[in-house]
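Beneath this line is the structure, given in structure tokens, with notes to follow.
FYI, side chains are in, hydrogens and waters are out, and symmetry mates aren't considered; it's all heavy atoms of this structure. Numbered from 1 within each chain, the chains take letters A, B, ... in sequence-line order.
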2 protein chains.
Amino acid sequence: MKLTDTEWQIMNVLWERYPATARGIAERLPKENNWAYTTIKTLLTRLAEKGAVKESKKGNTSLYEPIISRHTARRNALKSLANQAFDGAFGPLMHFLVEDQKLTENQKQELLTAIQEQDKRKKESVK
Amino acid sequence: MKLTDTEWQIMNVLWERYPATARGIAERLPKENNWAYTTIKTLLTRLAEKGAVKESKKGNTSLYEPIISRHTARRNALKSLANQAFDGAFGPLMHFLVEDQKLTENQKQELLTAIQEQDKRKKESVK
DNA sequence: GGTATTCTACTACATCTGTAGAAGATGTCA
DNA sequence: TGACATCTTCTACAGATGTAGTAGAATACC
């Protein structure tokens with residue numbers, strides 16, 4: 001399940017709040033897009049076709065909701081990027097991020113904490 | 001500069017060793033692709049058009065070499081993914097990675113070290 | 001020098017993506 | 001019940017992408 005650029009935009013607002021109507025989604029999309037309403041409908045139809053969202057009829061109007069979770073979509077996208085650009089491994093990817101990004105103190109702290117948390121959880125689950 | 005899936009494959013072997021001929025690249029690409037030689041030539045031409053590689057003639061034969069570095073390409077790809085899927089911020093992206101990937105002890109250690117290294121370098125540059 | 005090999009340039013074509021209009025179906029309010 | 005407003009479905013169409021064939025130019029080998 002690979003999302004295109006425009007599809008990500010739709011999904012992003014859909015994940016924020018759903019079920020949603022096409023109109024509702026239109027309103028929450030960045031206005032700079034300047035998309036015609038039918039453009040959004042087309043995108044939603046395509047997303048339904050590829051099984052990323054579910055479309056259900058409420059009277060005349062369609063309601064949409066995600067089928068794939070944001071988490072899953074993110075994981076897929078990262079996996080795909082890792083494959084493409086980092087020999088399929090997350091290690092180098094993370095390494096690259098840490099090396100390349102000027103992390104703020106806060107971010108660093110946060111990361112360290114996350115790593116430690118994860119560590120702790122693991123130890124506990126071992127018990 | 002956005003590379004497509006197939007273009008990444010070409011670039012990946014080109015970055016490994018260059019300058020390279022189309023034939024040479026063909027040989028180093030994964031055989032599972034089963035690409036016709038002309039397919040590779042087409043991809044190379046497109047890459048040259050978009051300024052990702054430089055093509056130079058050596059007699060009758062073209063030599064190719066990257067213009068954009070692997071590092072830059074990686075950075076672009078990550079930036080683009082961050083924008084699309086993580087509200088444009090690297091923080092959440094990294095956080096996601098740490099949370100989602102089961103890091104091995106080694107990877108964790110490595111990351112911690114990288115963060116600290118980076119830290120140290122920064123402190124030094126401040127002096 | 002002639003023939004086989006290998007390159008290159010050009011063209012082709014199906015599918016996917018981005019973007020949207022047209023026309024018909026349905027809802028709504030006076 | 002008619003006149004808008006709004007939704008939906010279909011269709012369109014240009015540009016990007018994946019994949020490759022053809023034909024002619026350059027090179028190589030005998």
Check your understanding: In terms of the nearest nucleotide of DNA chain C, which residue is placed more toward the 5' end: B:T45 or A:K50?
Key ->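 It is B:T45 whose nearest nucleotide is closer to the 5' end.
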Integer-rounded Å distance: [N] [atom2] and [X] [atom1]:
| X | N | atom1 | atom2 | value |
| --- | --- | --- | --- | --- |
| A:R46 | D:dC10 | CZ | C1' | 13 Å |
| A:I25 | D:dC7 | CD1 | P | 12 Å |
| A:L43 | D:dT8 | CG | C1' | 16 Å |
| A:K57 | D:dT6 | NZ | C1' | 13 Å |
| A:K41 | D:dT9 | NZ | C1' | 8 Å |

Any side-chain heavy-atom pair from [X] and [Y] closer than 4.5 angstrom?
| X | Y | value |
| --- | --- | --- |
| A:Q109 | A:L112 | yes |
| B:I10 | B:W35 | yes |
| A:I40 | A:N33 | no |
| A:I68 | A:V53 | no |
| A:P19 | A:K58 | no |

Check your understanding: For the residue pair A:F96 and A:F86, does the interplanar ring angle fall in the parallel (under 30°), tilted (30 to 60°) or perpendicular (over 60°) class?
Key ->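 Geometry flag for A:F86 against A:F96: perpendicular rings.
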**Study point:** Range on DNA chain C touched by chain A, heavy atoms, distance below 4.0 Å
**Key:**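 On DNA chain C, the outermost contacted nucleotides are C:dT17 to C:dG27.
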Check your understanding: Does B:T39 have a side-chain nitrogen or oxygen under 4.0 Å from the phosphate oxygens OP1 or OP2 of D:dA20?
Key ->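 Indeed, a polar side-chain atom of B:T39 lies that close.
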Review point. Does A:R23 make a side-chain N or O approach to OP1 or OP2 of D:dC7 shorter than 4.0 Å?
Key: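 Yes, within the criterion.
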Practice item. Determine the contact category for B:N34: base if any of its heavy atoms lies under 4.0 Å from a base atom, sugar-phosphate if only primed atoms, P, OP1 or OP2 are that close, otherwise nothing. Key: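 If one applies the 4.0 Å heavy-atom cut-off, B:N34 turns out to touch the sugar-phosphate alone, with no base involved.
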Exercise for review: Please collect all side chain to side chain donor-acceptor pair (under 3.5 Å) contacts where either partner lies in residues 36-47 of chain B, sequence neighbours excluded, each pair once.
Suggested key: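 Qualifying pairs: B:K41-B:Y64.
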Check your understanding: Salt bridge check: are B:K50 and B:E7 linked by an N-O gap of less than 4.0 Å?
Key ->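 Yes.
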Point to revise | Side-chain (B:D5) to main-chain (A:Q84) donor-acceptor, under 3.5 angstrom | key: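 Side chain of B:D5 to backbone of A:Q84: no pair is present.
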Heteroatom pairs (N/O) under 3.5 angstrom, protein to nucleotides 21-28 of chain D:
residue : atom : partner : partner atom : Å
D:dG21  : N7   : B:T38   : OG1          : 3.2

Point to revise | Those residues that, when tested against A:D87, pass side chain to side chain contact (heavy atoms under 4.5 Å, CB included) (two or more places apart) | key: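 With neighbours one apart ignored, the set is B:R70, B:R74.
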Exercise for review: Kindly write out the residues that satisfy side chain to side chain contact (heavy atoms under 4.5 Å, CB included) with B:S56, not counting sequence neighbours, or none if the list is empty.
Suggested key: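 Side chain to side chain contact (heavy atoms under 4.5 Å, CB included) check on B:S56 returns B:L63.
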Check your understanding: Which residues within residues 76-86 of chain B lie with some heavy atom under 4.0 Å of an atom in DNA chain C?
Key ->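 Contacting residues: none.
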Exercise for review: Could you identify which residues of residues 5-22 of chain B place a heavy atom less than 4.0 Å from some atom of DNA chain C, listed by residue number, or say none?
Suggested key: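 Within this stretch, nothing sits under 4.0 Å of the strand.
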List for me each residue that meets side chain to side chain donor-acceptor pair (under 3.5 Å) alongside [X], sequence neighbours excluded, and say none if there are none.
| X | result |
| --- | --- |
| A:T72 | A:S69 |
| A:K79 | none |
| A:N76 | none |

Exercise for review: Using five pairs at either end of the helix from C:dG1-D:dC30 to C:dA30-D:dT1, determine the angle between the two local helix axes and round it to 10 degrees.
Suggested key: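 Computed from the C1' atoms at both ends, the axes differ by 0°.
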Review point. About how many Å separate CG of B:L43 and CE of B:M11, when rounded to the nearest 0.5 Å?
Key: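 Result: 11.0 Å between the selected atoms.
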Check your understanding: ring pair (Phe, Tyr, Trp, His ring centres under 6.0 Å) with B:F90: which residues, sequence neighbours excluded?
Key ->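 Ring pair (Phe, Tyr, Trp, His ring centres under 6.0 Å) check on B:F90 returns nothing, list empty.
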